[in-house]
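Every chain is numbered from 1, with letters handed out A, B, ... down the list of sequences.
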Amino acid sequence: MESGCSHYNDVDSEHARCIIHIDVDCFYAQVEMVRNPELRSVPLGVQQKNIVVTSNYEARKYGVQKCMLVTDALKVCPNLKLINGEDLHNYRTASNKIFAVLQCWKCPVEKLGMDENFIDVTNLVQEKMKSANISNVTLAGHAYSEPSIDCPCGCHTRLKVTSQIANEMRKKIYEDLSFTTCAGIAHNKLLAKLICPQNKPNDQTTIFPEHGTSFMSTLESVRSIPSIGSKTTEALISNNIVTVSDLQQASIDVLKKHFSSDMAVRLKELSLGEDNTPVKQTGKPQSIGLEDSFKIVSVRSEVEDKFTALLQRLMVLVREDGRIPVSLRVTLRKKDAKRLSSHRESRQSQISPSIFTLSSGALTITETGQQKLMSIIMRLFNKLIDLTKPFHLTLVGLAFTKFQERMTGRGSIVNYLMNDISVQSVLNLQNECDTSSSPMDYSAVSPSSSTTTDLSDAEVEPSPKKPKKVTWIAKRRCLSKEEVASPSKLKVGELRLNSKELEKVSELRLNSRDRSLTPRASPAKDNLSDTSDTMRDCEEQNCDDCPSYVDKEVFSALPDEMQKELKAMWKNPSSSEMPRSSPRTTNKAKPNTIMKYFVPHK
DNA sequence: CCGCTATCCC
DNA sequence: GGGATAG
């Protein structure tokens with residue numbers, strides 16, 4: 001190191017992180033101007049229903065504000081050019097492009113709505129500071145306030161480097177996509193977001209940690225703090241806490257009287273400009289849903305029609321998403337004289353992935369699959385409505401809320417096997433108490449990930465609503481001829497492998513099936529073979545390294561690497577990786593998940 | 001203000 | 001499962 005090395009870099013400091021918040025200027029209006037550059041020079045408003053949801057800066061000169069009534073906007077700006085913005089498709093596309101550009105920096109990017117993104121560039125800044133001489137790095141854009149004190153942790157330098165990165169990002173968004181943006185640079189999300197609009201449009205602002213608290217106190221209402229909404233504001237105001245400054249000075253004990261302890265602490269921290277929430281990489285949504293509101297629906301058949309229509313639309317979205325849903329939620333809002341606003345009720349249930357099919361890689365659903373889903377939906381509906389009384393609904397909603405975990409492919413051979421096996425087990429779990437001949441009783445089927453929990457819950461602490469004690473029996477199922485012959489049409493429940501992996505597994509299963517079928521003459525039972533064959537086969541397949549429950553032939557067909565990994569695991573089960581969803585246990589009475597799925601219950 | 005979609009927290 | 005929050 002050289003001369004005045006005052007650039008101490010304390011990565012454990014409270015100011016350790018480097019966060020950028022990027023906000024696209026008047027997003028909808030810019031999308032329209034990019035589409036049609038002639039609009040750039042005229043006052044432009046984007047209209048939804050009867051309101052101007054946003055306007056370009058040309059229109060703002062005349063006083064056209066966000067969410068203004070069209071009539072009022074035209075009064076202040078008779079030349080206002082209006083474009084209908086009710087179709088969000090173009091906006092979504094533009095939003096995704098911006099998100100994609102930001103991903104180029106290989107840092108976590110969190111999307112917030114269509115026009116905002118957080119980026120955590122902490123690691124990138126560290127790298128830059130290691131490789132380049134940053135002793136006299138300059139700030140890009142504005143500072144909220146010039147750094148005065150010399151923060152010993154080195155955050156000033158880091159944030160200056162961050163401001164340079166933010167500048168590069170905005171430059172690339174402009175060069176690639178022609179969108180101007182604002183950015184806020186800070187050591188946390190709260191300050192980055194709040195400082196972002198300080199220099200609008202098309203500019204960026206950095207705030208240094210030492211100014212966090214004083215900046216926050218410039219905010220008039222507690223409501224301007226993200227995560228403090230109308231309800232929390234009400235509660236605070238009723239305690240005479242109106243401004244952020246009030247909140248800064250409020251006693252924590254007073255806050256704890258009206259909020260949970262965690263919430264009280266969090267409110268206080270926010271008021272001081274402190275926020276340790278991480279930037280979470282945005283990925284696929286955790287739920288995909290639709291809802292439909294209306295004046296009144298009081299007839300069951302109409303409800304069914306609404307759900308059928310929703311399901312129809314929802315399937316398009318799920319198909320586009322590509323993942324296989326395993327849980328379904330039904331929501332409704334009852335007509336309520338008291339609370340007209342959103343008081344929703346919902347019920348959800350697991351669904352069998354085998355309802356869906358994969359044909360040549362695309363997720364589809366058969367007619368009978370739709371019928372199965374509808375019967376689940378109506379069963380959930382019945383749980384929500386007392387059918388002996390009249391009902392009055394003002395909204396119904398449908399959402400898929402859980403999805404089959406993606407095969408990460410490489411990395412985990414245990415997952416490779418587990419996913420496959422666990423799904424198989426689920427498909428073949430049967431409730432002993434179930435006397436019906438129906439092959440699928442949805443109320444009884446548990447998802448792979450929660451089978452263990454459900455079982456123990458049922459044994460240890462039966463819920464009063466489900467008093468009957470259940471016993472699960474695992475059976476191995478053979479593939480039908482059609483399924484083997486045409487793997488692309490296999491039930492989705494058995495297919496969570498990519499095509500290469502699929503080929504392998506199909507092959508293994510085919511072998512396994514041939515072997516179990518040829519020696520014995522029991523062709524009558526096809527799909528659901530009984531357990532005895534399997535159990536005996538397992539006993540016959542004993543080998544030195546494999547437990548008795550492992551099919552030797554299947555095992556030996558696995559790649560050497562996989563065999564090794566499995567053997568290692570069997571030698572020392574507790575130290576081996578387990579699937580995320582199944583916490584391992586040291587309790588011998590409670591077998592680990594792998595055992596659970598391999599060992600047939602007696 | 002309300003409709004809609006999604007997430008997080010209790 | 002329900003409420004609060006965001007956009």
Under the side-chain contact (heavy atoms from CB on, under 4.5 Å) rule, collect the residues that match up with A/Q312, sequence neighbours excluded. A/Q370
What integer distance in Å separates A/L332:CG from C/dG1:P? 12 Å
Return the value, rounded to whole Å, for the distance between atom NE2 of A/H343 and atom P of C/dG2. 7 Å
For A/E110, enumerate each residue passing the salt bridge (Lys or Arg N to Asp or Glu O under 4.0 Å) test, keeping only those at least two apart in sequence or located in another chain. A/K189
Could you pull out all residues at least two apart from A/D115 that satisfy side-chain contact (heavy atoms from CB on, under 4.5 Å)? A/D23, A/V24, A/F27
Rounding to a whole Å, what distance do you find between A/E234:CD and C/dG3:C1'? 13 Å
Considering every strand and a 4.0 Å limit on heavy-atom distances, what is the contact class for A/K66: base, sugar-phosphate, or nothing? nothing
Which nucleotides of nucleotides 3-10 of chain B have their base under 4.0 Å from a protein heavy atom (B), which only their sugar-phosphate (S), and which neither (-), written as one string 5' to 3'? SSBSSS-S
Stems where DNA chain B pairs, listed by first number, each of three or more Watson-Crick or G-U pairs under 3.5 Å: B:4-10 with C:1-7
Return the orientation label for the A/F381 and A/F391 ring planes: parallel under 30°, perpendicular over 60°, tilted otherwise. perpendicular
Just the rounded figure in Å: distance from P of C/dG7 to NZ of A/K189. 11 Å
Under a 3.5 Å threshold, yes or no: a donor from one side chain and an acceptor from the other, between A/S298 and A/H392? yes
How about A/F179 and A/Y174: are their ring centroids closer than 6.0 Å? no
Which residues satisfy the side chain to side chain donor-acceptor pair (under 3.5 Å) test with A/K306, sequence neighbours excluded? none
Could you tell me how far apart A/L236 (CG) and C/dT5 (P) are, to the nearest whole angstrom? 10 Å
Please check the phosphate of C/dG2 (OP1 and OP2 only) for any side-chain N or O of A/R347 closer than 4.0 Å. yes
Looking at every strand, decide which applies to A/R223 at a 4.0 Å heavy-atom threshold: base, sugar-phosphate, or nothing. sugar-phosphate
Is there a side-chain contact between A/E116 and A/K193 in this structure, where contact means two heavy atoms from C-beta onward sitting under 4.5 Å apart? yes
C/dT5 phosphate, OP1 or OP2, under 4.0 Å from A/T232 side-chain N/O: yes
A/K193 NZ to C/dT5 C1', in whole Å, measures 11 Å
